[in-house]
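Hydrogens, waters and symmetry mates play no part in the numbers below; they use all other heavy atoms, side chains included.
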2 protein chains.
Amino acid sequence: MTDEIELPAEVTLLWGLRETARRGRKPSLTVADITRAAVEVADAEGLAAVSMTRVAAQLGNATMALYRYVKSKDELLLLMSDAALDGPPDLPDGVDWRTGLTLWARGVLKVLRRHPWTAQIPISGPPVGPNNLWWFDRALHALGDTGLDEEDKVGVVMGLLTFVHGELRLSIDLSKGYAENPEAFGRQYGMALAQVVDAQRFPALSKVIAAGVFEGEVPYDEEAEGEFGLGLYLDGVAAFIERRTARQG
Amino acid sequence: MTDEIELPAEVTLLWGLRETARRGRKPSLTVADITRAAVEVADAEGLAAVSMTRVAAQLGNATMALYRYVKSKDELLLLMSDAALDGPPDLPDGVDWRTGLTLWARGVLKVLRRHPWTAQIPISGPPVGPNNLWWFDRALHALGDTGLDEEDKVGVVMGLLTFVHGELRLSIDLSKGYAENPEAFGRQYGMALAQVVDAQRFPALSKVIAAGVFEGEVPYDEEAEGEFGLGLYLDGVAAFIERRTARQG
DNA sequence: GCTTTTAAGCGTAACCCATACGCAATTACG
DNA sequence: CGTAATTGCGTATGGGTTACGCTTAAAAGC
């Protein structure tokens, strides 16, 4: 149990397990400070604005000071992507699995929509950050009384996570663009499509355009669209649970 | 119908509709050449290696020559993300919707896994590239005989697309890391988790770890995982189709 | 065919960025 | 107090995007 193996660098970083120095000059910053400043910059000016120089300026320090706390910018990005899942999930207990997972998915989306840049940070490995694992735990918990075995639960949650990540990637930038210029997403988008899509090469799409689907609100409305797909996935999970429990009694 | 509206810049770029010059020096490159070279570089050395300088060198031209064809690097990235969906989808006709969508999803994943960098390109707007729309059309086509109306079809396909994008984002980098260092994903990952996750704060996750789910093959195996979640989603779609057709006869 | 007009090719330079390295400043320990 | 350890950070290197303007090539007009 308490076999001490050498923990990977990312783990010690994300969990704040780097040994603190006893001698020498006192650090004027903490990893948490730096992460917070970087998140502030990203929230305000986008991920592209997050440079070591910019973050250091935000903290009133020189650029190179940051490298005493973080080995590279990639490490900072890793910290940011865990920090983005900030608020601890406050989910009601004792609800059925479907309500639980629905609230969970909405919760993840709500939190991450406040930090739209998360979708642009490349994923470098399996989740090990405390906030990531904390959310993961809550989703597993929601499946507690379904009778699924642990491996199936992980599969279901991974699928849900997959869906949510896709939702983020597809919807966040779109809804941002939509907010800035609604015209371009409604009629204008439909008309541009109509002009460029010919019925021969795109028969099915042409029918959709002809039916006027893209003329009003374009279906990239974040809530409606997310809910629809999410509902479909959860219907599938329900069927899966029934199959499993029917077989095992 | 043929009202000419001014097409957005991205559309004219992606569809090759920029007016060709009649006078002056002949261009020695084409947008397609540049896109192809950029894709080659990204495939071989990753998206980070794609710089205007590097792409120009690939073509034997000077850096600034590219800017006669492309307004910015972002435009080049846009071109790349449409080009990544290269091979036209060769899907069998006359299969039921579920087989069709399953093959479709596998097809998208197969094509995009050959260009893993797509997941890192930020999405800047609704899909307008020819390849994107072509794939979109094929998915809509697969739903042709389900009796769903056009708007529902779009919803189902968007959900599927969401799922596939999430799959890409989560799985590609992971499977790359897994290929490089399988140890880190199996026992080592499980042991690191076990050391860091305490049962009080992460009760559900602790049970999963105790059950040994993370000890063997970690469940980030691309095929198995994708198929499982995909199957769940399609089960949901099946239920939806039944509901809809039952109501409308 | 010569001139004019137009657009492509691209050298230069301005201004970003990440980060290696070394030294100065600061703190704790003996 | 001296010494070792550690942080702060100035400087330098080598990369990146891209604005600008000059040179060069091709077509159009005469």
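- Nearest nucleotide to the side chain of A:Met64, out of C:dA18, D:dT11, D:dT18: D:dT11.
- The backbone N or O of A:Trp135 sits less than 3.5 Å from a side-chain atom of A:Trp104, completing a donor-acceptor pair.
- In this entry the distance linking CG of B:Asn61 with C1' of D:dA25 reads 15 Å, nearest Å.
- Rounded to an integer number of Å, the gap from A:Arg68 CZ to C:dT27 P is 16 Å.
- Using modelled atom types, one side-chain atom of A:Trp15 and one backbone atom of A:Val128 make a donor-acceptor pair closer than 3.5 Å.
- At least one side-chain heavy atom of A:Leu230 sits less than 4.5 Å from a side-chain heavy atom of A:Leu160.
- The salt bridge (Lys or Arg N to Asp or Glu O under 4.0 Å) test applied to B:Arg18 returns B:Glu75, not counting sequence neighbours.
- Rounding to whole angstrom units, NZ of residue A:Lys71 and P of C:dA18 are separated by 18 Å.
- In this pair, B:Phe163 and A:Phe163 present their aromatic rings tilted. The plane angle is within the 30 to 60° band.
- Residue B:Tyr69 places at least one side-chain N or O closer than 4.0 Å to OP1 or OP2 of C:dG9.
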Pick out the pairs of N or O atoms, protein on one side and nucleotides 12-16 of chain D on the other, that lie under 3.5 Å.
from: D:dG16; atom 1: OP1; to: B:Ser51; atom 2: OG; distance (Å): 3.0

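- For the segment residues 16-42 of chain B, the set of residues with a heavy atom within less than 4.0 Å of an atom of DNA chain C comprises B:Ala21, B:Arg23, B:Gly24, B:Arg25, B:Lys26, B:Pro27, B:Ser28, in numerical order.
- Without hydrogens or angle criteria, B:Tyr189 side chain to A:Pro126 main chain gives no donor-acceptor distance under 3.5 Å.
- A donor-acceptor pair under 3.5 Å is formed between the side chain of B:Arg169 and the backbone N or O of A:Ala119.
- Residue A:Glu75 contributes atom CD, which lies 15 Å from atom P of C:dA18 at whole-angstrom precision.
- To the nearest 0.5 angstrom, B:Leu76 atom CG is 10.0 Å from B:Ser81 atom OG.
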